[in-house]
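Single-structure report; data block below.
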Amino acid sequence: MLLWSGFEHIVRQAEPLAPHTWFQLGGPAEFFAEPRTLDELQGLVRRCAEEELPIRVLGGGSNVLVRDEGVPGLVVRFAEGVFADIQVAAGRVTAGGAAKLGHVISSAVREGLAGLEALVAIPGTVGGALHGNAGSRGGDIGQWTRRATVMTRSGEVIERQRDELVFAYRESSLDELAILSAEFELEAEDPEQLTKRMQQQWIVKKASQPLGHQSAGCIFKNPRGMSAGMLIDQAGLKGTRIGGAEVNDRHANFIVAEPGAASHDVLRLIELVRSRVADRIGIDLELEIQVW
Ligand code: EPU
């Protein structure tokens, strides 16, 4: 196809996105590519800019719900192993944007570097985690981030230093198209102690969240000082079901997709939860997940 001349070997048409997401729901990407080098990525980004074609970067797919009708334009996902290097030296961890957050956390803990272990059990990639400033009660990724290299929507590669980065609750100024790499400055601690703490945090999360189910983590952001999960629970919505989508019994801010679920079941359940919480408790919940 003319649109992709020079990229025919990496661009596919009508690629199902469901297998690339934790929800395992939703339709295809109009075009899909897995670039293996910076040049390939840059070429694709520039082509999309020239052709005014929408482009999105998919990370680990753990915080996204793809609509049943699919996604127009190009969806890019780094090929396996590309931009996924992890290096530890002198109290710092440098990781590619496509590195799995879990791998980065265990590399840091193994080397006796503390901070990121509070993020244990959060799935996804470093890029996705930085984009939404992933975190838990023990802290977020932004507080440890010293530097990030990003690609803009016009294909330019830029380095952002700490003083240019702003992180807030599930928000980050890193809103460029793609995060290529990032550096974290951590604190030295005994690896054994650190491992124990990480394991304890993992046990607490496993007991309170339906990890390993088809879901996208918490659906809504916590309203200031409150737990969205607690509010949904208080509104009596645990176990509420639409089609194959269900408000989880263990943690009410998780919607789990059961076999046969469609993306629109989850979307309708999201609206139901939002309106019931507004009616019964008087609080408007805001989405945390990305809907494509
Ligand atoms: N609670 C309920 N019912 C529920 C869920 C929670 O009563 O269904 C109560 C708990 O018993 C607890 C309080 O609410 O007393 C807080 O619950 P929890 O510790 O699970 O924390 P959360 O505020 O609901 C946040 C993050 C989670 C993160 C946990 C643990 C958000 C939206 N959620 O949840 O992040 O894992 O803290 O640190 O910020 C995510 O972002 O995807 C996510 C799962």
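Hydrogens, waters and symmetry mates play no part in the numbers below; they use all other heavy atoms, side chains included. We count ligands from 1, going down the list as the structure has it; atoms in each ligand are counted the same way.
For atom 37 (O) of ligand 1, the nearest non-hydrogen atom from the set Arg137, Met226, Glu286 comes from Arg137. The nearest non-hydrogen atom to atom 9 (C) of ligand 1, considering only Arg250, His251, Met230, comes from Met230. Among Asn222, Val204, Ile289, the residue whose heavy atom lies closest to atom 25 (C) of ligand 1 is Asn222.
The part of Phe254 lying near ligand 1 is the side chain, judged by heavy-atom distances below 4.0 Å.
Listed by atom number, the atoms of ligand 1 under 4.0 Å from Gly217 heavy atoms are 42 (O). Ligand 1 places these atoms under 4.0 Å from at least one heavy atom of Phe220: 32 (C). Less than 4.0 angstrom separates some heavy atom of Tyr169 from each of these atoms of ligand 1: 31 (C), 32 (C), 39 (O). Within ligand 1, counting atoms from 1 as listed, the ones closer than 4.0 Å to a heavy atom of Ala252 are 4 (C), 8 (O).
Taking a distance limit of 4.0 Å, we find that atom 42 (O) of ligand 1 is approached by some protein heavy atom. For atom 4 (C) of ligand 1, a protein non-hydrogen atom is found at a distance below 4.0 Å.
When all heavy atoms of Lys206 and Leu211 are compared, the closest pair comes out as CA-CD1, 3.9 Å. Closest of all the heavy-atom pairs between Leu180 and Phe78 is CD2-CZ, 4.3 Å. Contact record, Asn63 with Cys218: OD1-O, 4.4 Å, taken as the closest heavy-atom pair. Counting all heavy atoms, side chain and backbone alike, Pro223 lies closest to Leu285 at CG-CD2, 3.8 Å.
Under a cut-off of 6.0 angstrom, the local environment of CD in Glu52 is sparse, with at most 12 non-hydrogen atoms contributed by other residues, nucleotides or ligands.
Using a 4.0 angstrom heavy-atom cutoff, Arg170 counts as in contact with ligand 1. Residue contact annotation: Lys238 has a non-hydrogen atom under 4.0 Å from ligand 1.
Residue Lys221 places no N or O, backbone or side chain, under 3.5 Å from any N or O of ligand 1. Between Gly135 and ligand 1, a contact under 3.5 Å exists for no N or O pair.
Without hydrogens or angle criteria, Ser215 side chain to Gly217 main chain gives a donor-acceptor distance under 3.5 Å. Asn222 contributes a side-chain N or O that, together with a main-chain N or O of Ala228, makes up a donor-acceptor pair within less than 3.5 Å.
Side-chain atoms of Glu15 and His20 include a donor-acceptor pair closer than 3.5 Å.
Side chains of Phe83 and Val126 form no contact here, defined as non-hydrogen atoms less than 4.5 Å apart.
Tested against Glu117 for a side-chain hydrogen bond (donor to acceptor under 3.5 Å, both in side chains), the candidates Gln200, Arg197, Lys196 yield a single pass: Arg197.
Looking only at protein heavy atoms, the nearest one to atom 17 (O) of ligand 1 is Ser227 OG, 4.0 Å.
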